[in-house]
Amino acid sequence: MLDYLKDLNEAQHEAVVRTEGPSLVIAGAGSGKTRVLTYRIAHLLKQGARPSTILALTFTNKAAREMKERIASVAGENVARYLWMGTFHSIFARMLRVEHEVIGYPSNFTIYDSADSKSLIKTIIKGFQLDDKTYKPGVVASRISMAKNNLITPMAYASNADLKSADKSMRMPAISEIYKEYYKRCRLSGAMDFDDLLFITNLLFRDHPEVLEKYQERFGYVLVDEYQDTNYAQYLIIKKLAAKHNNICVVGDDAQSIYSFRGARIENILNFKNDYPEHRVFKLEQNYRSTQTIVNAANSIIAKNKRQIPKTVFSENDKGKPIKVLSALTDNEEGFLVAQEISQTQMRDHYQFLDYAILYRTNAQSRIFEESLRKRNIPYKIYGGLSFYQRKEIKDLLSYFRMTINRDDNEALKRIINYPARGIGATTLTKLETVAVEKETSIWNIIAALPDYNYAGLNKGTIAKIYNFVILIERFSQLTKETDAFEAAKRIAEHTGILKDLYNDKSPEGLSRHENIQELLNGIQEFSITAKEQGEPDKLENYLENVALLTDQDNEKDEDRNKVTLMTVHSAKGLEFKNVFVVGLEEDLFPSQRQGEKATLESLEEERRLFYVAITRARENAWLSYANQRYRWGNLDFCAPSRFLNELDENYLEGLNLNKQDSGNDDQQNRLGYGQTTQGFAHRQPPSAFKTRESQNIFNKKLVSLKESSQAKSSFEGDDPRRIQAGMTVEHQRFGEGKVLNIEGVAPNLKATVFFQNAGQKQLLLKFAKLKIKG
DNA sequence: GCTCAGGGCATTTTT
DNA sequence: TGCCCTGAGC
């Protein structure tokens, strides 16, 4: 019995079996955190705790699913099914649907994703006649998000002097008004945004103690994964829910807290001991993932950080090879070096492609590596960028679904009222929206009862078109009630003409859009089938409940398995690879080292942790690479390697060849800069680390040859005719691939002579010839 | 109501 | 370099 406990070391074992009272599990990178969490739950179940009394919260669907599967394999599927296990957002969305009456929302409330939020904010800004260059919707959205994460209501915001003066100094004094209006309109639309799911849960618990008590009573055990990433709203929910039984177990690693920009508070984990004086601490310090070299090198980076929970992460694995530093003079060379290393080590040491990951700070950095991998025919996959559920065609179809479930959903209505085109344009929509705002109701309520509103001043033709739209949605609503999710979805896709529309579009983009719709329908079919099998509700409404909370990483394809992974360091958290390249380590990419940015001690420490997270993804080998010079936004930029490279203990490195100099204290470093990064013509000076004569000479020599060849070398993808230059490879719809011989004229009358392999030399007016630029 | 030329702007991201 | 936004013009 309990043989699963045998897999655990002493610290892990303790953390699993001490189930009562508050527990803080400090889990260093690769120390078996997920294992402890799952075994702890399994252990609770074995000891007789009912699954429905266990609340386990994670940050991603993937983490929740994996944990659930592992528990199912230990404790049985029938038990695992009844656990309250999921992401913060999905669990509390579920709770809010049950408790909708108390908070004055419909149970079928829509969940607005960030695009919906932004678009609503944009309309509000326009409606207030504010300039959206000053009031950037994204910035306003993040202010509102910040407020909600800190449980500041619109009212509280308006009377908060600090926030108001901060807004004023950003020249956006009206944010508090926008917040108020945004909050109101979400309610009128029967919609919650992501932050609302936590914010309103907090309001629910604050204003309805009887509801809080019900859940406090229910959850005998509360477990939280990645506790260092919780924001204030999440922190408070957990604290309240666990207050009765006090069986709270949080697992996390302060050294991996890298999400402060989205409201995560490292204080939550640092202060756990104050919140629960009678707590126990379990430290998982043995790293099972990586070589000693990697673990020690990573430790040496965060050693400088002041605020941390003391711990000694160690590895008993092989010492392993030193971390290799690749210093390239240009970004192209960096890409080349990385691809070369992959080819060589892969052949020499028989690795598969899935054993490699390339990690970078920003998504935009992926391009150069894509290119270099493509040149060597190395298969790769990229995470990040446009997610499946964010694609236009998917959002359009989902908006139809949303409208059939919650007709007050203004954002959905605005997307589809004229898609496919039915002659209801922007002017009409503005009129309708104005009336809706005036009457404090949803647009649907206006168009469903147009005569009551004097037809909103519309002409006869338009009224008829709107009437048809209303009928269509009514019909779909009926349909979704009568049939299962798949049948309803399929019929909607057909009847709206979306499917046919995309089917007729034979361009590559149209083809892929059609495929995407098919893929979505397949997913819905799968949902319908499983729901039926498990005896759960199988209506479109039920499918829609969670789809807003899904992301790309929730549907990985099989054919993508054996490929090199390209992703940001942030999204690599929780993953591991045998071989990891941490690339683009220029100082310029780290705000704490960028001139003109205010670096706080906190942000500097977080960047060290980011670097720590990156390195500890590697099991066997790690590479660190940087380029001293790259094209950024059309300018030649000089970069120094990040200071974090200098902070690494060189005993663990191979190939670091810098003029190390005293880097001074953090404050001095923050004021160091190497010229300007402004847009325009300002160029940077070579960094001081390269000011020895020798390195300067190499630098200059390389630079000259680079400048000479940059024209021919430059390659990119896109179809902006302004970017087309002689020497480029382009693709034409009819003539296929060709080489641009010369360009004359200025836009819009750019003429290009292009040599096509199959069609000979052609003069094209770029205005009419769509050329896709190829790498 | 749609298309296209030109301007302007660029962290990290899960839900 | 890529791409989103907008206003002008059809």
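Basis for what follows: all heavy atoms, side chains included, without hydrogens, waters or symmetry-related copies. Keep in mind it's a predicted model, so treat the numbers as computed, not measured.
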Trainee: CD of A:Glu226 versus P of B:dT13: gap in Å, rounded?
Mentor: 15 Å
Trainee: Taking the nucleotide of DNA chain B with the nearest heavy atom to each, does A:Ala426 or A:Leu610 sit closer to the 5' end?
Mentor: A:Ala426
Trainee: Could you work out which one of B:dT12, B:dT14, B:dT15 sits closest to the side chain of A:Leu549?
Mentor: B:dT15
Trainee: For the side chain of A:Tyr259, counting heavy atoms from C-beta on, which of B:dT13, B:dT15, B:dT12 is nearest?
Mentor: B:dT13
Trainee: What nucleic acid atoms does A:Ala548 come within less than 4.0 Å of, heavy atoms only: base, sugar-phosphate, or nothing?
Mentor: nothing
Trainee: CD1 of A:Ile382 versus P of B:dT13: gap in Å, rounded?
Mentor: 13 Å
Trainee: Strictly by modelled atom types, are A:Tyr182 and A:Asp193 linked by a side-chain donor-acceptor pair under 3.5 Å?
Mentor: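 Distance-only check passes for A:Tyr182 and A:Asp193.
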Trainee: Quiz question: going by heavy-atom distance under 3.5 Å, is there a donor-acceptor pair between the base of B:dT14 and the side chain of A:Thr87?
Mentor: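 Between B:dT14 and A:Thr87, which were checked side chain against base, a qualifying N/O pair under 3.5 Å is absent.
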Trainee: Using atom NZ of A:Lys392 as one end and atom P of C:dC3 as the other, report the distance to the nearest whole Å.
Mentor: 17 Å
Trainee: Across the strands shown, which category fits A:Phe261 at heavy-atom distances under 4.0 angstrom: base, sugar-phosphate, nothing?
Mentor: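 The residue A:Phe261 makes base contact.
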Trainee: Please give, in whole Å, the distance from B:dT13 P to A:Met567 CE?
Mentor: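 Checked: the CE to P distance equals 10 Å.
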Trainee: Without decimals, in angstroms, what is the distance between A:Tyr389 OH and B:dT14 C1'?
Mentor: 15 Å
Trainee: Are any of A:Thr568's side-chain N or O atoms less than 4.0 Å away from OP1 or OP2 of B:dT13?
Mentor: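 A:Thr568 to B:dT13 OP1/OP2: side-chain N or O found under 4.0 Å.
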Trainee: On the 0 to 90° scale, with breaks at 30° and 60°, tag the A:Tyr105-A:Phe109 ring pair as parallel, tilted or perpendicular.
Mentor: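 Ring orientation, 0 to 90° scale: perpendicular.
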Trainee: Below 30° counts as parallel, above 60° as perpendicular, anything between as tilted: where do the rings of A:Phe88 and A:Phe59 land?
Mentor: tilted
Trainee: Looking at A:Asn61, I'd like to know whether one of its side-chain N or O atoms comes within less than 4.0 Å of OP1 or OP2 on B:dT14.
Mentor: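 Answer is no, no contact under 4.0 Å.
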Trainee: Got a salt bridge between A:Glu370 and A:Arg367, using NZ or NE/NH1/NH2 to carboxylate O under 4.0 Å?
Mentor: no
Trainee: Does a donor on one side chain and an acceptor on the other come within less than 3.5 Å for A:Asn150 and A:Arg265?
Mentor: yes
Trainee: From CG of A:Asn231 over to C1' of B:dT12, roughly how many Å is that when rounded to an integer?
Mentor: 16 Å
Trainee: Which word best sums up how the rings of A:Phe527 and A:Tyr543 line up, parallel for under 30°, tilted for 30 to 60°, or perpendicular for over 60°?
Mentor: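 Ring orientation, 0 to 90° scale: perpendicular.
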Trainee: Checking all strands, does A:Thr427 fall into the base, sugar-phosphate, or nothing category for heavy-atom contacts under 4.0 angstrom?
Mentor: nothing
Trainee: For A:Lys136, which contact category applies under a 4.0 Å heavy-atom criterion: base, sugar-phosphate, or nothing?
Mentor: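 The answer is sugar-phosphate, as A:Lys136 gets under 4.0 Å only of primed atoms, P, OP1 or OP2.
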Trainee: Of the options B:dT12, B:dC2, C:dT1, whose atoms approach the side-chain atoms of A:Arg367 most closely?
Mentor: C:dT1
Trainee: Using heavy atoms to find the nearest nucleotide of DNA chain B for A:Thr362 and A:Lys133 separately, return the residue whose nucleotide is more 5′.
Mentor: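 Upstream on the strand: A:Lys133.
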Trainee: Considering only B:dC2, B:dT14, B:dT15, which nucleotide approaches the side chain of A:Phe194 most closely?
Mentor: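 Output: B:dT15.
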Trainee: Rounded to whole Å, how long is the line connecting atom CG of A:Leu575 with atom P of B:dT13?
Mentor: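 For the pair A:Leu575 CG and B:dT13 P, the rounded distance is 13 Å.
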Trainee: Rounding to an integer number of Å, can you tell me how far A:Arg361 CZ sits from B:dT13 C1'?
Mentor: 12 Å
